[in-house]
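Below is one structure, written out as structure tokens, with a few remarks after it.
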Amino acid sequence: MALKRNVSFFTGLKYKGGGPMWAWILHRTSGLTMVLFVGLHISAGFLTQQFGSDVGIWINTIYENWIFQLALFFLVIFHAINGLRITILDLVPALLEYQREAIWLEWLVFIPIYGLVLFVVLKSTLGA
Amino acid sequence: MISRKVAKRGFSLDYIMWLFMRLSALSLYALGLTGLTAALIMGARTQTDLNTLIRWTFFQNPSHVFSSDIINLDGFINPYWQIMEFTALFFGITHGINGLRSVVEDYMGSSWWRQVWRGFIFFLWLFISLVAVYVVLAS
């Protein structure tokens with residue numbers, strides 16, 4: 001049995017955790033989606049390599065779609081930078097005092113990197 | 001309602017996996033940067049496109065560079081990169097599957113469902129690992 005929390009889903013939505021809460025939610029969801037993507041990509045590679053299967057090619061074609069790539073890069077880059085923040089704060093607990101500032105710093109690092117991804121992916125999509 | 005038992009302080013599965021999550025994340029950064037740097041040194045800068053380079057950065061498999069303009073693939077296909085791939089696979093898959101475990105167990109108490117899920121997740125880890133090792137050895 002899970003813990004009993006007398007909080008409804010909609011009350012939960014009103015919880016104002018701010019930056020750290022959203023980072024936590026995004027870290028979890030992006031991690032779970034990446035497990036799914038990587039698992040499917042390995043399976044697709046196996047199916048294509050061993051049987052020349054259409055299913056494998058079909059999955060990898062989705063992966064090459066530009067909308068999918070933008071979403072995937074968002075998840076991967078966010079997860080990587082957020083994971084680095086967690087690791088650094090765990091190694092140097094004195095920095096925990098500035099954990100809200102750490103979230104802002106994280107987005108400051110994220111935005112230019114993702115901007116570069118947006119530029120490259122959109123340029124090759126629109127250029128083709 | 002019984003809440004989930006918290007493991008004792010010290011050397012437990014939760015502690016080992018906590019440490020592993022941090023170390024594997026840092027290793028994946030190191031592996032990616034090594035692959036990226038080596039690819040650029042081996043001629044990826046002028047003989048391939050960005051997509052191929054990024055595929056190589058994430059996972060140093062020859063099938064990720066076959067379709068590019070690189071004529072001499074000797075530097076890209078050798079046991080060194082296979083070892084890099086196995087390392088990336090072990091860290092990546094275990095990191096991901098343990099993340100799945102910790103998310104799932106956050107919604108589990110101490111009931112027998114927890115053991116069922118642990119077993120299922122362990123077999124998922126084993127299955128994906130074996131398939132991935134097979135793909136690396138066969139490519």
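Atom set for the values below is all heavy atoms of this structure, side chains included, hydrogens, waters and symmetry mates excluded. To find a chain, count down the sequence lines: A is the first, B the second, and so on, and within it residues start at 1. The model shown is predicted, which means the values in this text are computed figures rather than measured ones.
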Is the count of non-hydrogen atoms from other residues, nucleotides or ligands lying under 6.0 Å from B/Phe127 atom CZ greater than 12?
no
Can you tell me if CH2 on A/Trp104 sees more than 12 non-hydrogen neighbours from other groups inside 6.0 Å?
no
Please work out which of the three classes, parallel, tilted or perpendicular, describes the rings of B/His95 and A/His79, given edges at 30° and 60°.
perpendicular
Side chain, backbone, both or neither of [X] within contact of chain B (heavy atoms, under 4.5 Å):
X       : answer
A/Gln69 : neither
A/Tyr63 : neither
A/Val38 : neither

Is there side-chain contact between B/Phe59 and A/His41, with at least one heavy-atom pair below 4.5 Å?
no
Using the rule side-chain contact (heavy atoms from CB on, under 4.5 Å), only one of A/Ile88, A/Leu84, A/Leu91, A/Ile86 pairs with B/Arg22; which is it?
A/Ile86
Where on [X] is there a heavy atom nearer than 4.5 Å to chain A: the side chain, the backbone, both, or neither?
X        : answer
B/Leu26  : side chain
B/Ile93  : side chain
B/Phe58  : side chain
B/Leu100 : both

For A/Gln50 versus B/Tyr134, what's the shortest heavy-atom pair and its separation?
NE2-CE2, 3.2 Å
What pair of heavy atoms forms the shortest contact from B/Ser102 to A/Arg28, and how long is it?
O-NH2, 4.1 Å
Top residue by heavy-atom pair count (under 4.5 Å) with chain B, among A/Ile42, A/Val121, A/Val120?
A/Ile42
